[in-house]
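Written below as structure tokens is the structure these notes are about.
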Amino acid sequence: MVLKRRNLLGLEGLTADEITTVLDTAESFREISEREIKKVPTLRGKTVVLFFYEPSTRTRTSFEIAAKRLSADTFSLSASTSSLVKGETLIDTARNLEAMNPDAIVIRHGSSGAPHLLAGRVRASVINAGDGAHEHPTQALLDMLTMRQVLGRIQGLTVAIIGDIAHSRVARSNIIGLTTMGARVRVAGPPTMMPPGLEDHGVEVHDRPEPALDGADVIMMLRLQLERQRGVTFPGVREYSRLFGLNRTRVGLASPQAIIMHPGPMNRGVEIAPDVADGPRSVILDQVTNGVAVRMALLYLLIGGGAGE
């Protein structure tokens, strides 16, 4: 399996075959995490820099575990402990990272396009771990892997994405990836949280969750991105939960085999009821498990034996 690209900056521009290559490779790496000794020498001698300008728990930890299970060396750099707090620019930071000769740089940044800027200035492979409200490609890949494992396919599935669409990089990457793979995507949220032009990308847009959930195979709930919203976008959290929160009644509108997903962190009782988040249809913990496998696959494909020219 070969991924003929040096970086993963987003899912936009990836073909269905490329996405399938990542998912198939991730499937093969899942077995490593189930062994007693969870380590292989695949990336021995390689160095992976984890550069997280924004707070992260799942994504950062997942990338670190993925790199270490492949025997790569890791180095973590955060904004609070770097020279960025002293006024150093991202370009200067990129040049200093380049001087250390890493093989891959995993970056999360609050500004959309930051990974693209970095990729143009370093020889290392750059992986986007989330940039502003733009994309979060590895989250969408692990989401698609989870769908394929549980439901057996992606093509032809009806996926309902509910919540703060406008400020969600997870939603954007999933919309791009799922439509590329042949799924039918519906989105629902308050009009103030809905970006214009979604219909142009083959997405069904609703201002209520009920029509989006009708017969859906996958329900993906999104966290309210309060830190990215400017001004008041809804009357209050209680009102939002009443109108858009996922409860048992709304789950009943979906397919009987529907699965429930959430990229985390969850606001229990706001976008999703606790009994739904912990219920038998929830695959939220499966998403976390698959996150390690997907990130192992990407590191292998980009800087290991699966790297293209």
Requested in this report: Over all heavy atoms of both residues, which pair between Asp131 and Pro115 is shortest? Give the atoms and the distance, please.
Outcome: CB-CD, 3.5 Å
Query raised in the report: Who pairs with Phe63 by ring-ring contact (aromatic ring centres under 6.0 Å, His included), at least two apart in sequence or on another chain?
Result: none
By the ring-ring contact (aromatic ring centres under 6.0 Å, His included) test, which pairs, at least two apart or in different chains, include something from [range]?
range: residues 118-158; value: His116-His134
range: residues 7-27; value: none
range: residues 16-37; value: Phe29-Tyr300

Please identify each residue that fulfils side-chain hydrogen bond (donor to acceptor under 3.5 Å, both in side chains) with [X], with sequence neighbours left out.
X: Ser33; answer: Arg69
X: Lys38; answer: none
X: Arg44; answer: none
X: Thr146; answer: Asn290

**Report entry** Gln155, CD: over 12 other non-hydrogen atoms inside 6.0 angstrom
**Finding:** no
Flag side-chain contact, heavy atom, 4.5 Å: [X] against [Y]:
X: Leu11; Y: Thr180; answer: no
X: Val106; Y: Arg295; answer: no
X: Arg95; Y: Asp92; answer: yes
X: His109; Y: Leu118; answer: no
X: Arg58; Y: Gln139; answer: no
X: Glu12; Y: Arg172; answer: yes
X: Ile127; Y: Asn7; answer: no
X: Ser62; Y: Val288; answer: no

Query raised in the report: Stepwise, does the salt bridge (Lys or Arg N to Asp or Glu O under 4.0 Å) test hold for Glu31 with Arg35?
Result: CA-CA 7 Å; Glu31 180 268 335; Arg35 298 179 185 177; 3.0 Å; yes
**Report entry** side chain to side chain contact (heavy atoms under 4.5 Å, CB included) evaluation trace for Asp143 with Val218
**Finding:** CA-CA 10 Å; Asp143 290 341; Val218 179; over 6 Å; no
Show me the pairs that pass salt bridge (charged side-chain N to carboxylate O under 4.0 Å, His left out) and involve [range], at least two apart or across chains.
range: residues 277-291; answer: Arg268-Asp278
range: residues 13-22; answer: Arg5-Glu18
range: residues 118-129; answer: Glu98-Arg123
range: residues 188-205; answer: Arg184-Glu204, Arg186-Glu204

